[in-house]
Amino acid sequence: MSGTSEGPSHAADTVSDAIRPNITERHALGRTASEAHDYRAAFHTAPLAMAVVDGEGLVVTANDALNALLGADPGELTGRVAADLVDLVSDTRAWRVYNEVLCGRRARLRCTRRLKHPDGHSLWAQVSVAPVPEGGRVLLSVRDVSARRELQARLRHLQMHDPVTRLPNRTLFFERLAAALETGAYAASGTGRVGLCYLDLDGFKAVNDTLGHPVGDRLLAAVAERLTRCAQHSARAPEGAPLVARLGGDEFALLVEGSTGTEQLALLAGSVLDTLREPFDLSGHRLSVSASIGVVERRAAGTSATALMQAAGTTLYWAKADGKARWTLFDPERNAHRMTRQALSSALRPAVDDGEFVLEYQPLVALDDGGLRGVEALVRWRHPQFGTLQPNRFIGLAEEDGSIVQLGRWVLRTACFQARRWQLDHPGAPSVFVSVNVAVRQVWDSDLVADVAAVLSETGLEPGLLQLELTESAVMGSTGRPLQALQELSDMGVMIAIDDFGTGYSNLAYLSRLPVSVLKLDGSFVRGFQYDDGAHPSPADEMIVEALVQLAHRLGLTVTAECVETKGQAARLRGIGCDTGQGWLYSRPVPPDRISELLNALETTRRCCLGWQGAAEGPAEAG
């Protein structure tokens, strides 16, 4: 019974167990189908444009948003090459990454492409491609970012353009310049050269100061308009016109990419000057302006933006220094001189401490008997790079930057020590004074009186054996501190000489008020005394020198003639009463040991003379 009763029940359970999985599967399949339906519905109604792409790169299905974005009918995109729809082939990098995503070697592609709509308008699209899990397919999504790109473009335009003139600003100019100097850019330009006109308006500040900034801004805008028109007229095609930019203030630049040479830049610069010469009528004001232009033209290869702008700035400075309202072409030789000048200026102060300066001495000879009266100390710079430099190469620089005070102290101290050394080493020779040049800045920027007193005390040199030379332009008209300093030095016993007399103010009446003891006639007068080379002397020079000598003597001054080179000049100077001479006839500037040799000779000669005189006087006294 029990078996009979259990049979049907067991069979039912077995059938139930067999049927239950099938019911579960049907429920699961129903859910999967429902979910798939939901996914398809979401895919087709999604606002994001999408397409499913198979492993061959063909569109399996596209949603309505993609059809609308690309202007296609429903179903039209199925089977199309997906890469063609979003123009991936024209971008080498995007095309490579896309194929790697299709092959499963890359996880994602994201790029921005410009697409053409069938109705003719263009749009910017952000394209993304990512694999679909377990499907061997990828999902292509396309987002219209045209509005964002347009906003970015407007913001970039505002960032890269000057609000006053609407020209490219400094940032955009340097961006274009850097691009023009890239290897690929200038290789493709055809000439491999680049040119630049860098200009500055002359006197623009006066317009701002007198008429106000609004008028100044209108003037800048009008200048910009003329420059743009000038650039366009200079080009054979609009796309080849020079870039006109405002670099700031009243500075503008015209960049010529692929220039054909300096002649093209010269014509452009001349055209700019001509167009700016025409008056400007602005709000009832008729304004005339001019410009100074620095022109640089060179090969793009090996040129940096910094080097090009430095050259342009230097050349613009030359144009202004040469008189303004002109253009000047970059000159490598002139620039090398400027660079050398800068190098010397920066090295001046350390050079004194590093012992790079030396003194040479040129004799000052009495014209009546040929005896040595003194020497002039002349400074030389033994530069480690440029060799031995004469004073005309660096004294002006030293006066400009103030290092002349430090250098002047060194010269004064060194010369006085040397003069005292000669005196001690040659007691039998006549005492000779040392003459030291003094710049006017030494009088103003330092306590010259205290410096001289300290050096004389330190060296033991007698004040009467020191002569200080100042130029005529520095001494004439001196009042206040300079005059007081000269008077104190003279009272101390130091001789004061006026150097290069006759080339400056030549205020003869002022001589009687100055504590001066010596006039040094400028060499230009002495050169007129040409006897030995067959040339005729200049009567005017002789009359001037003779008058100056007579005037000086009546004032109690002695006269030294510079640049004495011939015996004829020396004879004529001696005949008109000049006291001492200095020049190559007697000696070039020489090192201290050569002066020592000369003093040795004088010392020997003096002993011989004294010995001869003693021998001659002995018998007379005995008798």
Side-chain angles (χ1 to χ4, degrees), residues 345 347-362 364 374-382 391-392 394-424 431-500 514-518 520 560 589 592 595:
S345 181
L348 260 170
R349 293 181 185 274
V352 178
D353 297 328
D354 293 343
E356 294 179 8
F357 289 97
V358 296
L359 293 183
E360 292 183 344
Y361 301 87
Q362 189 170 32
L364 297 165
V375 293
E376 180 180 356
L378 299 169
V379 64
R380 306 286 186 256
W381 186 358
R382 290 180 178 170
N392 62 343
F394 58 86
I395 290 298
L397 296 176
E399 290 178 339
E400 289 177 11
D401 68 6
S403 59
I404 190 66
V405 174
Q406 179 188 10
L407 178 59
R409 286 196 184 106
W410 178 86
V411 171
L412 176 65
R413 186 172 183 273
T414 304
C416 289
F417 263 112
Q418 184 60 64
R420 180 58 174 161
R421 173 54 53 194
W422 285 324
Q423 190 179 34
L424 294 175
S431 295
V432 296
F433 66 86
V434 63
S435 188
V436 177
N437 290 278
V438 176
V440 66
R441 191 159 182 176
Q442 289 177 257
V443 182
W444 282 106
D445 294 358
S446 68
D447 192 340
L448 182 62
V449 177
D451 289 344
V452 171
V455 167
L456 292 177
S457 175
E458 182 183 6
T459 60
L461 186 69
E462 300 170 19
L465 294 180
L466 174 63
Q467 175 174 287
L468 299 180
E469 296 187 21
L470 291 89
T471 60
E472 178 183 347
S473 57
V475 175
M476 290 301 182
S478 294
T479 58
R481 182 174 179 179
L483 181 58
Q484 180 182 354
L486 294 180
Q487 187 62 60
E488 290 181 21
L489 289 168
S490 179
D491 293 343
M492 191 187 298
V494 175
M495 295 183 291
I496 305 297
I498 299 179
D499 195 16
D500 299 329
L514 291 172
V516 174
S517 52
V518 180
K520 296 191 72 175
T560 297
I595 300 297

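Throughout, residue positions are numbered sequentially from 1 according to the sequence presented.
Here the CG atom belonging to L412 is positioned 10.5 Å from the CG atom belonging to L359, to the nearest 0.5 angstrom. Atom CG in L514 sits 10.0 Å away from atom CD1 in I496 (nearest 0.5 Å). In this structure, CG on L486 lies 11.0 Å from CG on D491, to the nearest 0.5 angstrom. Taken from CH2 in W381 to CG in L397, the straight-line distance is 8.0 Å, to the nearest 0.5 Å. Distance check: L489 CG to Q484 CD gives 10.5 Å after rounding to the nearest 0.5 Å. Atoms CD and CG, on Q442 and L468 in that order, are 9.0 Å from each other to the nearest 0.5 Å.
Closest of all the heavy-atom pairs between L456 and E462 is CD2-O, 4.4 Å. Across all their heavy atoms, P592 and Y361 have their closest contact at CG-CE1, 3.7 Å. When all heavy atoms of S403 and L348 are compared, the closest pair comes out as OG-CD1, 3.6 Å. The two residues M495 and G464 have their closest heavy-atom pair at CE-O, 3.6 Å.
Side-chain contact between L466 and V455 is absent, with no heavy-atom pair separated by less than 4.5 Å. The shortest side-chain heavy-atom distance between V449 and M492 falls under the 4.5 Å cut-off. D353 places a side-chain heavy atom less than 4.5 Å from the side chain of Q406. Annotation: side chain of V434 is not in contact with side chain of L465 (no heavy-atom distance under 4.5 Å). L364 is not listed as a side-chain neighbour of V432, based on a closest heavy-atom distance of 4.5 Å or more. Residues E399 and V440 are not in side-chain contact: their nearest non-hydrogen atoms beyond the backbone lie 4.5 Å or more apart. The closest side-chain heavy-atom distance from V516 to S490 is not below 4.5 Å. Side-chain contact between I395 and L407 is present, with heavy atoms from C-beta onward closer than 4.5 Å.
Remark: F433 pairs with no residue by the ring pair (Phe, Tyr, Trp, His ring centres under 6.0 Å) rule, at least two apart or across chains.
The aromatic rings of W410 and F357 sit tilted, their planes meeting at an angle between 30° and 60°.
A donor-acceptor contact shorter than 3.5 Å links the side chain of R441 to the backbone of E400. Formation of a donor-acceptor pair under 3.5 Å by the D354 side chain with backbone atoms of E356 is not found in this model. A donor-acceptor contact shorter than 3.5 Å is absent between the side chain of E488 and the backbone of A485.
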(request) Output, in order, the C-alpha distance, side-chain angles, deciding distance and verdict of side-chain hydrogen bond (donor to acceptor under 3.5 Å, both in side chains) for Q423 and R420. (result) CA-CA 5 Å; Q423 190 179 34; R420 180 58 174 161; 2.6 Å; yes
(request) Could you check V518 against E469 for side chain to side chain contact (heavy atoms under 4.5 Å, CB included), going step by step and ending with a plain yes or no? (result) CA-CA 9 Å; V518 180; E469 296 187 21; over 6 Å; no
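Ion pairing between E360 and R380 holds under the 4.0 Å rule for side-chain N and carboxylate O.
When only modelled atom types and interatomic distance are considered, Q467 and S435 share a side-chain donor-acceptor pair under 3.5 Å.
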